[in-house]
Amino acid sequence: MSNTATLVYDGKQYELPIVVGTEHEKAIDITSLRADTGLITLDSGYANTGACRSAITYIDGERGILRYRGYPIEELAVKATFVETSYLLIFGELPTASQLADFRALLAEHELIHEDMRHHFDGFPPNSPPMAILSAMINAAGCFEPVFMAPDDDEHFMESAARLMSKVRTIAAASYRKSIGKPMNYPRPDLRYTANFLHMMFSRPHRLYEPDPVVVEALDRLLLLHADHEQNCSTSTVRMVGSSHANLYASVAAGVCALWGPLHGGANVAVIEMLTKLLESGEKLETFIERVKRRDAGVRLMGFGHRVYKNFDPRAKIIKASCDALLERLGIHDPLLDLAVRLEEIALSDDYFIERKLYPNVDYYSGIIMRAIGIPTNMFTVMFAIGRLPGWIAHWREVRISDSRIDRPRQIYVGPAERSYVPLEERG
Ligand code: SDX
């Protein structure tokens with residue numbers, strides 16, 4: 001196997017080095033391309049462009065493989081917790097019992113938000129999008145303890161990471177309580193990460209919400225499955241902002257905004273909206289699929305397709321199994337689940353989807369689980385953000401300790417050629 005690629009251009013020959021990854025994936029290193037040839041590359045959506053070397057997550061889209069720091073997602077999903085997996089992603093190794101205990105203690109220590117932050121919620125108009133609140137409140141949280149905003153402070157990094165993970169959960173629950181006009185709940189010291197979130201979401205002053213262990217396990221697994229996914233849009237955003245040496249809170253707040261888009265983390269909401277519309281309209285599923293194939297006004301089968309996976313998204317399989325188990329345990333029959341299953345069957349047997357290798361992705365069934373738990377649809381993408389937070393933190397850290405250059409892509413300019421200023425009176 002050659003360790004260089006040959007580029008022939010303008011009568012000259014250039015040898016470009018080949019970089020090989022742990023799993024033998026290969027890249028052409030074009031670091032010297034412009035200096036040597038005057039050329040840059042152009043790659044819409046970066047579908048063929050590696051932005052970095054990373055040791056955090058590996059995806060093989062053709063074989064439907066996903067591993068966090070080398071551990072298969074199928075193993076972590078059944079053997080690990082979200083907090084344990086977060087530690088693995090951020091620090092690179094599964095924690096020992098004492099490391100896990102210390103990390104949990106830091107999460108507990110930082111689970112409250114500053115009392116003055118409670119008033120920030122009053123500043124948002126009713127029905128403010130929870131992702132707007134989340135992004136704003138993450139930066140606000142950084143202002144209350146500036147020591148954690150110092151981007152290069154190694155000594156505080158672990159505490160800063162735990163603080164952010166813990167408070168994002170509290171902020172999310174508080175924004176929900178605010179949206180339904182109910183008092184915010186303080187975290188309970190006797191509850192762990194996910195159970196405490198459910199308590200903060202659903203407890204009432206006169207009646208504590210006692211988290212059902214089955215519900216806690218299903219939500220904890222859902223968060224774990226969202227914890228990282230290499231260079232997706234929002235993680236790449238966090239990396240890019242972090243490359244300017246912006247602090248962790250600013251970088252993560254930017255990632256929240258990128259995740260918000262319906263083509264990315266907002267798809268879990270779009271799936272439920274799509275299924276609800278189908279249920280209410282009674283449109284035949286085969287008719288809807290034909291409209292998708294015709295691309296009527298941008299109609300897409302939301303929750304299907306992926307830039308990297310050209311096989312089943314392994315997370316979708318695990319989420320579907322978890323969904324079935326939870327709904328059975330709770331004795332819930334959700335007609336949207338029936339619709340989703342039938343739509344999947346129709347799509348997976350249709351050449352349009354087969355030819356384009358479109359399969360269910362992480363967002364296709366996740367909303368059904370969250371509905372069963374009682375999480376409102378407008379909080380679904382916030383849940384994705386809570387899950388993805390350890391991945392964002394891990395990637396921000398990887399950028400900072402790699403001491404890489406600031407991200408600054410090039411472009412091909414297609415605007416007007418040089419021209420002179422026209423005085424206002426001569427512009428017609
Ligand atoms: C996430 O990157 C990540 O890892 C993201 C994520 C993570 O964990 O961070 O996995 C989370 O964002 C999952 C994706 C959630 N989004 C959706 O479910 C929205 C619906 N899916 C699509 O919009 C689309 O599949 C994307 C955005 C996910 C991927 O877009 P690409 O890679 O740019 O693919 P494309 O739009 O170029 O599609 C290729 C072809 C096109 O047809 P042709 O022009 O070749 O004829 O497939 C078609 C598309 O029209 N297509 C779809 C489709 N997705 C792609 N047609 C109908 N329904 C769809 N969902």
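One-based numbering, in listed order, for ligands and for the atoms of each. Computation of the quantities below employed the complete heavy-atom set of this structure, encompassing side-chain atoms and omitting hydrogens, waters and symmetry-equivalent molecules.
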If we only consider heavy atoms of [X], is any one of them less than 4.0 Å away from an atom in ligand 1?
{"X": "K293", "result": "no"}
{"X": "N361", "result": "yes"}
{"X": "R388", "result": "yes"}
{"X": "Y309", "result": "no"}
{"X": "R315", "result": "yes"}

Would you mind checking if [Y] and [X] are paired as a salt bridge, meaning a charged N to carboxylate O distance below 4.0 Å?
{"X": "D338", "Y": "R342", "result": "no"}
{"X": "E273", "Y": "K277", "result": "no"}
{"X": "E398", "Y": "R239", "result": "yes"}

Would you check if the distance from the ring center of [X] to the ring center of [Y] is below 6.0 Å?
{"X": "H199", "Y": "Y209", "value": "no"}
{"X": "Y309", "Y": "H229", "value": "yes"}
{"X": "F304", "Y": "Y359", "value": "no"}

Among all protein non-hydrogen atoms, which one is nearest to [atom], and what is the separation to 0.1 Å?
{"atom": "atom 40 (C) of ligand 1", "result": "R356 CD, 4.0 Å"}
{"atom": "atom 16 (N) of ligand 1", "result": "L263 O, 3.0 Å"}
{"atom": "atom 35 (P) of ligand 1", "result": "R300 NH2, 4.2 Å"}
{"atom": "atom 31 (P) of ligand 1", "result": "R307 NE, 3.6 Å"}
{"atom": "atom 12 (O) of ligand 1", "result": "H264 ND1, 3.0 Å"}
{"atom": "atom 28 (C) of ligand 1", "result": "G305 O, 3.7 Å"}
{"atom": "atom 21 (N) of ligand 1", "result": "F304 O, 2.9 Å"}
{"atom": "atom 46 (O) of ligand 1", "result": "R295 NH2, 2.6 Å"}

Please indicate whether R356 has more than 12 foreign heavy atoms, meaning atoms of other residues, nucleotides or ligands, lying under 6.0 Å from its CZ.
yes
Whether over 12 other heavy atoms sit under 6.0 Å from H333 NE2
yes
Hey, what do you get for [atom1] ([X]) to [atom2] ([Y]), rounding to the nearest 0.5 Å?
{"X": "E280", "Y": "E283", "atom1": "CD", "atom2": "CD", "value": "13.0 Å"}
{"X": "E23", "Y": "E25", "atom1": "CD", "atom2": "CD", "value": "6.5 Å"}
{"X": "H395", "Y": "S234", "atom1": "NE2", "atom2": "OG", "value": "9.5 Å"}
{"X": "M117", "Y": "I171", "atom1": "CE", "atom2": "CD1", "value": "4.0 Å"}

Out of E355, K310, H229, whose heavy atom sits nearest atom 4 (O) of ligand 1?
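Closest candidate by heavy-atom distance is H229.
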For ligand 1, which atoms, with element, lie under 4.0 Å from some heavy atom of [X]?
{"X": "A267", "answer": "15 (C), 16 (N), 17 (C), 18 (O)"}
{"X": "G303", "answer": "17 (C), 18 (O)"}
{"X": "N232", "answer": "2 (O), 3 (C), 4 (O), 5 (C), 9 (O)"}

Check [X] against ligand 1 and report side chain, backbone, both or neither, counting heavy atoms closer than 4.0 Å.
{"X": "D363", "result": "side chain"}
{"X": "H306", "result": "both"}
{"X": "Y352", "result": "side chain"}
{"X": "L358", "result": "side chain"}
{"X": "V292", "result": "side chain"}

Does the protein come close to atom 18 (O) of ligand 1 - that is, does one of its heavy atoms sit below 4.0 Å from that atom?
yes
Below 4.0 angstrom, counting only protein heavy atoms, does anything approach atom 50 (O) of ligand 1?
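Yes, because at least one protein heavy atom sits under 4.0 Å from atom 50 (O) of ligand 1.
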Minimum heavy-atom separation for S243 and R405, please, with both atom names.
CB-O, 4.0 Å
Checking I375 against L219 for the side-chain contact (heavy atoms from CB on, under 4.5 Å) test, could you report, in this order, the C-alpha distance in whole Å, the side-chain angles of both residues, the deciding distance, and whether it holds?
CA-CA 10 Å; I375 296 170; L219 183 56; 4.3 Å; yes
